Number of protein chains: 2
Amino acid sequence: MVTDLDDGTFDFCETLTDAQDALAREMLERASAKWPLRVMHILAKAKGPLRFSRVLERVEGISQKVLTQTLRTLESDGLVTRTLYPQVPPRVEYELTPLGGELLVEVVALWQWIANRLPDFEAARAQSPRATDAAKR
Amino acid sequence: MVTDLDDGTFDFCETLTDAQDALAREMLERASAKWPLRVMHILAKAKGPLRFSRVLERVEGISQKVLTQTLRTLESDGLVTRTLYPQVPPRVEYELTPLGGELLVEVVALWQWIANRLPDFEAARAQSPRATDAAKR
DNA sequence: CTGAATCCCACCTGATACTG
DNA sequence: CAGTATCAGGTGGGATTCAG
């Protein structure tokens with residue numbers, strides 16, 4: 001028995017076109033993904049533009065290639081701005097857009113909710129590394 | 001410039017151990033992923049137990065293998081219960097747990113937020129299929 | 001400094017076939 | 001009915017090298 005959910009709580013998506021629904025799902029998945037989330041997080045904490053190298057340093061474990069890909073995607077989704085200063089050596093700065101900042105706030109809210117329930121998830125995992133056959137008798 | 005964020009808004013994660021942080025990120029990513037989200041959505045709308053075949057029918061485009069995997073993962077995360085009735089032919093029912101229902105509500109909230117901003121995302125994509133070189137002069 | 005280009009591999013996905 | 005087994009294909013991501 002699910003918690004007391006209103007009818008229609010989960011029907012909103014049916015008011016979207018297939019294309020819109022797909023786009024919304026895609027954005028949801030991207031914003032929750034490992035690297036984009038970490039990168040947005042770093043940019044948010046910086047509270048201002050950050051050079052490529054700085055981001056690379058601060059996002060632990062990311063490779064330069066993946067960081068480039070991630071930033072490009074974030075840029076084309078309007079979550080991050082990329083500003084190129086045509087100098088030599090080149091300088092490029094990335095900054096979270098207002099839209100990106102707002103999205104991050106929302107994602108972090110969900111993250112926090114999950115973090116608060118961590119004991120539940122840890123418990124579930126602990127007791128079911130092999131939780132087959134629930135109804136044995 | 002990011003929207004007006006408090007200092008510390010994004011620092012909560014630093015109060016977690018690495019393992020906890022990793023688990024929270026993992027759950028976030030899973031709950032937002034394509035198939036788990038769709039499956040939870042179907043189970044929520046069903047408002048009760050659903051047999052494997054029913055889920056398979058209702059989650060459009062999923063293969064039975066992936067559905068099995070998805071359900072197993074959801075089960076081991078405590079989001080779904082699996083009840084086997086040892087009959088012949090076998091009958092297995094899946095149902096969203098309270099925890100799963102709550103998590104789904106949170107994810108859907110984020111999803112809705114994104115859906116409301118779809119025009120922004122569509123606009124961003126439209127103007128930057130090749131949005132290189134922002135600062136040209 | 002900021003990438004682009006290559007190579008490469010592990011993993012995941014999905015289709016198909018088989019089974020208790 | 002509800003899976004498991006197997007295999008092929010695509011994808012993500014790391015390491016390395018080259019370039020403007």
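Quick caveat, the model's predicted, so the values are computed rather than measured. Throughout, a chain's letter reflects where its sequence line sits, starting with A, and its residues are numbered from 1.
The aromatic rings of A/F52 and A/Y94 lie tilted to each other, with the angle between the two planes from 30° to 60°.
To the nearest angstrom, C1' of C/dG3 lies 12 Å from CD of A/Q69. In this structure, B/E29 atom CD and C/dC11 atom C1' are separated by 14 Å, rounded to whole Å. Atom CD of B/E57 and atom P of D/dA2 are 10 Å apart (whole Å). What separates CG of B/L56 from P of D/dC1 is a distance of 10 Å, to the nearest Å. A/F52 places its CZ atom 6 Å from the C1' atom of C/dG3, with the value rounded to the nearest Å. In this structure, CG of B/L84 is placed 16 Å from P of C/dG20, rounded to the nearest angstrom. Across the protein-nucleic acid pair, B/E26 atom CD and C/dC12 atom C1' stand 15 Å apart, rounded to whole Å. Between the P atom of D/dC1 and the CZ atom of B/R54 lies a distance of 7 Å, rounded to the nearest Å.
Taking 4.0 Å as the cut-off between side-chain N and carboxylate O, B/E57 and B/R54 count as a salt-bridged pair. A salt bridge is defined here as a Lys NZ or Arg NE, NH1 or NH2 lying under 4.0 Å from an Asp or Glu carboxylate O, and A/E60 with A/R58 fails to meet this definition.
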Nucleotides 14-20 of chain D: protein proximity per nucleotide (B base, S sugar-phosphate only, - neither; heavy atom, under 4.0 Å): BB----B
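The side chain of A/R30 contributes no N or O atom lying less than 4.0 Å from OP1 or OP2 of D/dG12. For the pair B/Y94 and D/dG3, the criterion of a side-chain N or O lying under 4.0 Å from OP1 or OP2 is met. B/R82 has no side-chain polar atom (N or O) that falls below the 4.0 Å cut-off from OP1 or OP2 of D/dA2.
How far CG of B/L43 is from CG of B/L74: 8.0 Å, rounded to the nearest 0.5 Å. Taken to the nearest 0.5 Å, the OG1 atom of A/T15 stands 9.0 Å off from the CG atom of A/D21. Atom CZ of B/R38 sits about 4.0 Å away from atom CZ of A/R25, to the nearest 0.5 Å.
Here the nucleotide nearest the side chain of B/R51, chosen from D/dA2, C/dG3, D/dG3, is D/dA2.
Looking only at side-chain heavy atoms (C-beta outward), B/R117 and A/L99 come within less than 4.5 Å of each other.
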